[in-house]
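Quick one: this structure, given as C-alpha cells, is what I'll be asking you about.
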Amino acid sequence: MRYIIPVIATTLFVLLNVFCSEVSIRQAKKITIRDTSITTANAFSQLFLDSLNLEHFIGKEVSGDSMANYMRSFYNSRNYSFAWFDDNGLTVQAEGFWNAHNRVVRQTNDSSIYDRQLHETVDTLLNSDSSFSINKSLIELTELRFTRHVFQYIQYAYSGSVDPKEVQWNIPRRKLKPIALLDSFLNSKNGDWKPLNEPYRLLQKQLFKYRDIERNGGWGNVSINKQKFRRGSKDSIILFVKRRLQLTGNYPQADTTTVYTRDLVPAVKQAEASYGFKPDGIIDASLIKQLNIPVKDRIMQMMINLERMKWMPEAPPNFLLANIPEYRLHVVENGKEVLGMSVVVGKAAHRTVIFSDELKYVVFSPYWNIPRSIVRNEIYPAMQRSSSYLSRKNMEVTGYSDGLPNVRQKPGNDNALGHVKFIFPNSYNIYFHDTPSRSLFSRLQRAFSHGCIRVHQPFDLAVYLLRNQPEWTNEKIKAAMNSSKEKWVTLGKTVPVFITYFTSWVDEDGVLHFADDIYGHDEKLAAHLFE
C-alpha cells in the first residue's frame with residue numbers, strides 16, 4: 001500500500017463556498033494587512049483592482065464571512081494586483097489551474113465545482129484570439145470570480161466535503177492553509193496545479209481511467225461457478241478474464257483465444273493481489289466475483305477513498321500505519337516502507353477504531369488485564385462452572401468491583417497478548433500485540449479480535465522500535481519476550497501511529513487495490529457523498 005498520509009468526492013447538494021472547516025474559519029477571521037510595498041514596478045501583474053470594487057463584489061456574490069476574509073487577505077497581500085490576468089490576457093497559472101480543474105470536472109461529473117458563468121467566460125477567453133475584446137469591467141469581475149472559485153476548489157480538493165467525525169473517523173484533520181497554497185501556485189513558473197499528494201494523484205489517475213472505461217460501455221460479467229482454471233485450461237470464461245484485464249491495462253496483449261496461456265498467468269496473479277487474494281494464478285469463483293463488480297461501483301469506491309485521503313494530516317518522516325480493510329501494518333521510515341506485516345483486526349461486533357496517537361511503550365511478557373465485558377460475558381460464567389478454570393487459563397483475580405472479579409492473565413505462552421504488546425495510550429484501549437493464535441494470519445479475511453490489532457511479526461517490530469536504544473540487543477529482546485515477569489520499556493522517541501480505513505489505494509508498484517468494506521464505513525460515507 002502506498003502510505004496514504006499527506007496524503008473526488010461528489011455531492012450535488014454541497015455549496016463549497018461555505019467553508020465548514022473550523023480550522024479554516026479561525027484562519028479566515030484574521031485578515032492580512034495590505035502590503036503597500038507592492039507597486040506597478042514589482043507586482044506580479046500590471047493590472048490592479050479598486051478595493052471598493054472588491055467590497056462590492058463580496059457584498060453581492062460572496063456567501064460567508066470566511067470566504068470574504070480569504071479574498072480580502074489575498075488581495076491585501078498583493079496590494080490588489082490581479083492574480084489571473086496580465087497585459088496579455090489570462091496568465092500561464094490561470095490556464096494551468098483551469099486545465100487541471102476542468103479535467104476533474106469532466107471525470108467526476110461533479111456539479112458542485114462547476115460555475116456556469118465563470119466557465120463560459122473563461123472558455124471564451126481561452127478560445128479567443130483577442131482576450132481583451134471584452135470590456136475591462138468584465139475582466140475585473142472574472143478576476144474576482146476566478147479567485148473565489150479557486151478558494152472553493154482548494155477546499156474541495158484539499159479538505160473534502162464531508163466532516164470525518166460523521167463517519168467514525170477520529171484522526172485529526174489536516175490543517176488547511178488556502179492562501180499559502182494559492183500563493184505557492186501563483187509563484188510557480190509553469191502553472192502546474194498539483195493534486196493533494198502522490199497517493200492521491202495515483203488513485204485519481206486510476207479513477208480517470210475507470211471513467212473512460214465507463215464511457216466506453218464498461219465491462220460485462222459472467223456466471224460464477226465452482227470451476228477453477230489454470231494454465232492450459234480452455235473455457236469461455238478465460239476470454240472474459242482476458243478482455244476484462246485488457247480494459248484495465250493488466251493484460252495488454254490483443255489475445256482473443258479461450259485458452260489460459262502462459263502470458264496470462266502474471267496478469268491473473270496481479271489481479272488476485274489487487275483484490276487481496278493469494279496470487280497463485282488460479283482463476284476461481286472469488287476472482288470472477290471481483291471482476292464482475294460493475295465499473296460504476298469501482299468508481300464510487302475510489303471516490304470514497306479519495307475523500308478520505310483529503311482528511312489525512314501531513315506525513316511525518318517516520319510512522320506506523322495499520323490499514324484495517326487491508327489487514328496490514330506498514331512501518332515507514334523517511335517516507336519508505338522498511339517493514340510490513342499482516343495483522344488481525346476487530347471483528348464486526350468489536351470494530352477497531354479509526355484514530356491516531358503516539359506509540360510510547362513496548363511491554364514484554366505482558367499481563368492481559370481482561371476487559372470487563374469479556375469477564376462478564378465469558379470469564380465469570382466459566383469460573384462459576386469450573387473452580388479450576390482460572391488456573392487452567394493461567395489467570396488470577398486481583399480484586400472485585402461492582403460485583404465482578406478483576407481478572408488478568410499472567411505472562412506465558414498461552415497469554416492472549418502473546419509475548420509483547422505495543423502501547424500508544426488512547427481512550428479506546430487499543431494497542432498492537434502478539435498472539436498465540438498464529439494460524440489466523442494465514443487467512444485472507446482477518447477480522448477476529450475484540451478491537452486491538454494483532455501483529456504477525458512482533459519480534460521484528462520490537463527490534464525496529466528499539467533500534468536506537470543499543471542496550472536492547474536482539475538477544476535481550478528475545479529473553480524479555482520469554483520472561484515470567486512483565487517489563488515496560490519507554491521508547492527514546494515516540495512514533496506516530498495511524499489506524500486507517502482505506503478500501504482502495506495504489507501501491508508503490510503502481511498497482512490499484514480494492515478491499516472489502518468490512519465495517520460498512522464505505523456505505524455510510526457514500527450516503528453523504530452520493531445522496
Side-chain angles (χ1 to χ4, degrees), residues 1 318-324 326-333 337-347 350 352-353 356-371 393-394 408-426 428-500:
M1 179 179 185
N318 307 322
F319 59 90
L320 307 182
L321 187 149
N323 188 37
I324 296 168
E326 187 189 7
Y327 306 114
R328 192 156 185 84
L329 173 66
H330 303 269
V331 180
V332 179
E333 184 174 354
E337 181 170 319
V338 295
L339 179 64
M341 64 189 71
S342 299
V343 299
V344 173
V345 301
K347 62 184 73 172
H350 301 280
T352 300
V353 181
S356 63
D357 218 297
E358 299 276 331
L359 199 153
K360 297 183 178 181
Y361 309 106
V362 177
V363 185
F364 294 115
S365 299
Y367 283 101
W368 179 35
N369 296 299
I370 302 174
K393 296 296 184 180
N394 197 28
R408 69 179 184 180
Q409 189 175 35
K410 293 180 281 187
N413 291 331
D414 57 350
N415 187 286
L417 304 184
H419 297 287
V420 60
K421 65 179 179 178
F422 307 90
I423 304 295
F424 33 103
N426 59 82
Y428 309 108
N429 197 29
I430 289 178
Y431 46 84
F432 300 141
H433 66 86
D434 182 18
T435 176
S437 304
R438 309 300 296 174
S439 62
L440 294 178
F441 291 108
S442 63
R443 302 191 185 186
L444 293 176
Q445 308 297 321
R446 295 190 294 276
F448 299 107
S449 81
H450 281 80
C452 287
I453 297 176
R454 307 173 191 177
V455 296
H456 192 202
Q457 299 163 243
F459 173 75
D460 294 336
L461 183 57
V463 168
Y464 173 79
L465 292 171
L466 295 170
R467 68 196 184 285
N468 295 323
Q469 295 173 241
E471 68 275 19
W472 283 101
T473 63
N474 288 7
E475 291 72 22
K476 286 188 176 181
I477 290 174
K478 288 179 182 177
M481 287 177 65
N482 292 280
S483 173
S484 60
K485 294 184 178 181
E486 184 179 78
K487 174 70 174 178
W488 283 63
V489 179
T490 302
L491 296 184
K493 186 177 181 180
T494 61
V495 182
V497 174
F498 297 90
I499 313 298
T500 64

To the nearest 0.5 Å, what is the distance between CZ on F422 and CG on L465?
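Between atom CZ of F422 and atom CG of L465 there are 6.0 Å.
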
Can you tell me if T352 uses its side chain to pair, donor with acceptor, with the backbone of G346 under 3.5 Å?
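Checked: pair present.
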
Would you mind telling me which of V343, V420, L359 makes a side-chain contact (heavy atoms from CB on, under 4.5 Å) with F432?
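It is L359, the one option of V343, V420, L359 that forms the side-chain contact (heavy atoms from CB on, under 4.5 Å) with F432.
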
Kindly say whether V363 contributes a backbone atom to a donor-acceptor pair with the side chain of E486 at under 3.5 angstrom?
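The answer is no, because no donor-acceptor pair under 3.5 Å joins these two groups.
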
About how many Å separate CH2 of W368 and CD of Q409, when rounded to the nearest 0.5 Å?
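Nearest 0.5 Å value for the CD-CH2 distance: 6.5 Å.
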
Is the backbone N or O of S484 less than 3.5 Å from a side-chain atom of S365, with the two atoms forming a donor-acceptor pair by type?
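Checked: no pair found.
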
Under 3.5 Å donor-acceptor, R446 side chain and Y327 backbone
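Looks like yes, one N/O pair under 3.5 Å.
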
Please find the pair of heavy atoms, one from P436 and one from G418, that lie closest to each other, and give the distance.
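Shortest heavy-atom separation between P436 and G418 comes out as CD-N, 4.0 Å.
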
Do any N or O atoms from the side chain of N323 and from the backbone of R328 form a donor-acceptor pair under 3.5 angstrom?
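Side chain of N323 to backbone of R328: no pair is present.
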
CA sep, side-chain torsions, deciding dist, call: L339, Q457, side-chain contact (heavy atoms from CB on, under 4.5 Å)
CA-CA 10 Å; L339 179 64; Q457 299 163 243; 4.0 Å; yes

Is a salt bridge present between R438 and D434, judged by a nitrogen-to-oxygen distance below 4.0 Å?
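Salt bridge flag = yes for D434 with R438.
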
Show the nearest heavy-atom pair for residues Y431 and L417, with the distance to one decimal.
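Scanning both residues completely, I find the closest heavy atoms to be OH-CD2, 3.6 Å.
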
Might you point out which heavy atoms bring F364 and I477 nearest each other, and give the distance in Å?
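Here F364 and I477 meet closest at CE2-CG2, 3.9 Å.
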
So, the side chain of D357 versus the backbone of V497: is there a donor-acceptor pair under 3.5 Å, distance only?
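The answer is no, because no donor-acceptor pair under 3.5 Å joins these two groups.
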
Atom of L461, atom of M341 and distance for their closest heavy-atom approach
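Closest heavy-atom pair between L461 and M341: CB-CE, 4.1 Å.
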
Donor-acceptor under 3.5 Å (N369 side chain, R408 main chain):
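A pair under 3.5 Å: no.
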
With the side chain counted from C-beta on, respond yes when L440 and R454 share a heavy-atom pair under 4.5 Å apart, and no when they do not.
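Yes; the side chains approach each other to less than 4.5 Å.
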
Look at the side chain of H419 and the backbone N and O of M481, then say whether any donor-acceptor pair between them is shorter than 3.5 Å.
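Yes; judged by distance alone, with no hydrogens or angles, the pair exists.
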
Heavy-atom closest pair, residues V344 and F448
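Answer, listing the atom of V344 first, then F448: CG1-N, 3.8 Å.
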
Minimum heavy-atom separation for V362 and L491, please, with both atom names.
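Of all heavy-atom pairs spanning V362 and L491, the closest is CG2-CD2, 3.9 Å.
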
Tell me every residue that passes side chain to side chain contact (heavy atoms under 4.5 Å, CB included) with P496, counting only those two or more places apart in sequence or in another chain.
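Per chain and number, P496 pairs via side chain to side chain contact (heavy atoms under 4.5 Å, CB included) with P316, F319, E358, F498.
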
Can you tell me if K360 has over 12 outside heavy atoms packed within less than 6.0 Å of its NZ?
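It does not: K360 NZ has 12 such atoms or fewer within range.
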
